[in-house]
Trainee: 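Sending over a structure as structure tokens; questions will come in a sec.
Throughout, numbering of the chain's residues begins at 1 and tracks the sequence.
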Amino acid sequence: MKTSLSGIILATLTLISFGCKSGDCPAPQQTELMLIRDGGPVELDGCGWYFDTSFGLAKPAVFPDSLKVDSLSVLVTYTHTGNRVGCGLLPEAGDEIELLQVIVQ
């Protein structure tokens, strides 16, 4: 019994020691059904193309031309980059995401 308890403690300490440090860990992948929206020309204080998500507005760094269809429903696998994106006059209106996979519904 004493050996198994010390083994569990050793294993836990090893995982804590060699686990990723804050800021080093890759962002977890998430999958969500989203709608693509055309928020109007950025040059005229619009949002440009963005995803309408459960957490609000989201934009990839580069929005694929093939997806620029207003109100298109898509299943998106993504990660959060940790950056905020602007929309119109709001400098931090939503989240930047990295697209990993997009499936048109």
Side-chain angles (χ1 to χ4, degrees):
M1 180 71 171
K2 188 174 183 180
T3 304
S4 64
L5 181 59
S6 57
I8 292 172
I9 292 172
L10 180 62
T12 303
L13 289 175
T14 302
L15 288 174
I16 291 171
S17 300
F18 294 107
C20 58
K21 307 293 185 256
S22 180
D24 293 350
C25 301
Q29 291 183 9
Q30 299 174 334
T31 300
E32 180 177 333
L33 190 60
M34 301 179 182
L35 282 177
I36 294 175
R37 299 289 189 194
D38 180 3
V42 175
E43 302 80 23
L44 300 176
D45 294 331
C47 286
W49 291 94
Y50 66 93
F51 292 97
D52 189 1
T53 74
S54 65
F55 57 87
L57 178 146
K59 290 183 172 186
V62 177
F63 204 99
D65 286 337
S66 62
L67 296 176
K68 291 183 178 178
V69 179
D70 196 33
S71 300
L72 183 66
S73 179
V74 290
L75 185 65
V76 179
T77 300
Y78 64 95
T79 59
H80 285 274
T81 65
N83 299 324
R84 300 285 290 164
V85 293
C87 177
L89 299 175
L90 301 173
E92 294 189 2
D95 294 334
E96 182 180 68
I97 58 174
E98 177 184 352
L99 300 177
L100 303 175
Q101 182 180 36
V102 180
I103 301 171
V104 176
Q105 297 295 289

Trainee: Of all residues at least two apart in sequence or in a different chain, which pass the side-chain hydrogen bond (donor to acceptor under 3.5 Å, both in side chains) check with Ser54?
Mentor: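 So Ser54 forms a side-chain hydrogen bond (donor to acceptor under 3.5 Å, both in side chains) with Glu32.
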Trainee: Tell me who clusters with Phe63, hydrophobic residues only, linked when side chains sit under 4.5 Å apart either directly or through other members.
Mentor: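 Answer for Phe63: Met34, Ile36, Trp49, Phe51, Phe55, Leu67, Val69, Leu72, Val74, Val76, Tyr78, Ile97, Leu99, Val102, Val104.
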Trainee: Taking all heavy atoms of Arg84 and all of Glu92, pick out the closest pair and write down the distance.
Mentor: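 Closest heavy-atom pair between Arg84 and Glu92: NH2-O, 2.8 Å.
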Trainee: Only pairs at least two apart or in different chains count here, so list each ring-ring contact (aromatic ring centres under 6.0 Å, His included) that has a residue in residues 81-105.
Mentor: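 For residues 81-105, and leaving out neighbouring residues, there are no ring-ring contact (aromatic ring centres under 6.0 Å, His included) pairs at all.
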Trainee: If you link ILVMFWY side chains whenever their heavy atoms are less than 4.5 Å apart, which other residues fall into the same cluster as Leu44? By chain and number, please.
Mentor: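 The other cluster members (ILVMFWY side chains, heavy atoms under 4.5 Å, direct or chained): none.
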Trainee: Mind checking what makes side-chain hydrogen bond (donor to acceptor under 3.5 Å, both in side chains) contact with Glu98, not counting sequence neighbours?
Mentor: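 Expected list: none.
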Trainee: Just jot down the side-chain contact (heavy atoms from CB on, under 4.5 Å) partners of Gln101, sequence neighbours excluded, or say none.
Mentor: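 Here the qualifying residues are Thr77, Ile103.
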Trainee: Hydrophobic clusters join Ile, Leu, Val, Met, Phe, Trp and Tyr when side-chain heavy atoms are under 4.5 Å apart, directly or via other members; which others share one with Val42?
Mentor: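 Joined to Val42, directly or through intermediates: none.
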Trainee: Once side-chain contact (heavy atoms from CB on, under 4.5 Å) is applied, do any residues pair with Asp45, and if so which ones, sequence neighbours excluded?
Mentor: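 Listed in chain order: Leu89.
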Trainee: Hey, is the main chain of Cys47 close enough, under 3.5 Å, to the side chain of Lys59 for a donor-acceptor pair?
Mentor: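 Yes; judged by distance alone, with no hydrogens or angles, the pair exists.
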Trainee: Applying side-chain contact (heavy atoms from CB on, under 4.5 Å), name anything that partners Arg37, two or more places apart in sequence or on another chain.
Mentor: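 Per chain and number, Arg37 pairs via side-chain contact (heavy atoms from CB on, under 4.5 Å) with Leu35, Tyr50, Asp52, Asp70, Ser71.
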Trainee: To the closest 0.5 Å, what do you measure between CD (Glu96) and CG (Leu57)?
Mentor: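 It comes to 12.0 Å.
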Trainee: Please name all residues satisfying side-chain hydrogen bond (donor to acceptor under 3.5 Å, both in side chains) with Asp65, sequence neighbours left out, ordered by chain then number.
Mentor: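 Per chain and number, Asp65 pairs via side-chain hydrogen bond (donor to acceptor under 3.5 Å, both in side chains) with Lys68.
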Trainee: Other than Leu100, what residues sit in its cluster of Ile, Leu, Val, Met, Phe, Trp and Tyr side chains whose heavy atoms are under 4.5 Å apart, directly or through others?
Mentor: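 Joined to Leu100, directly or through intermediates: none.
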Trainee: Which residues pass the side-chain contact (heavy atoms from CB on, under 4.5 Å) test with Pro28, not counting sequence neighbours?
Mentor: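 side-chain contact (heavy atoms from CB on, under 4.5 Å) check on Pro28 returns nothing, list empty.
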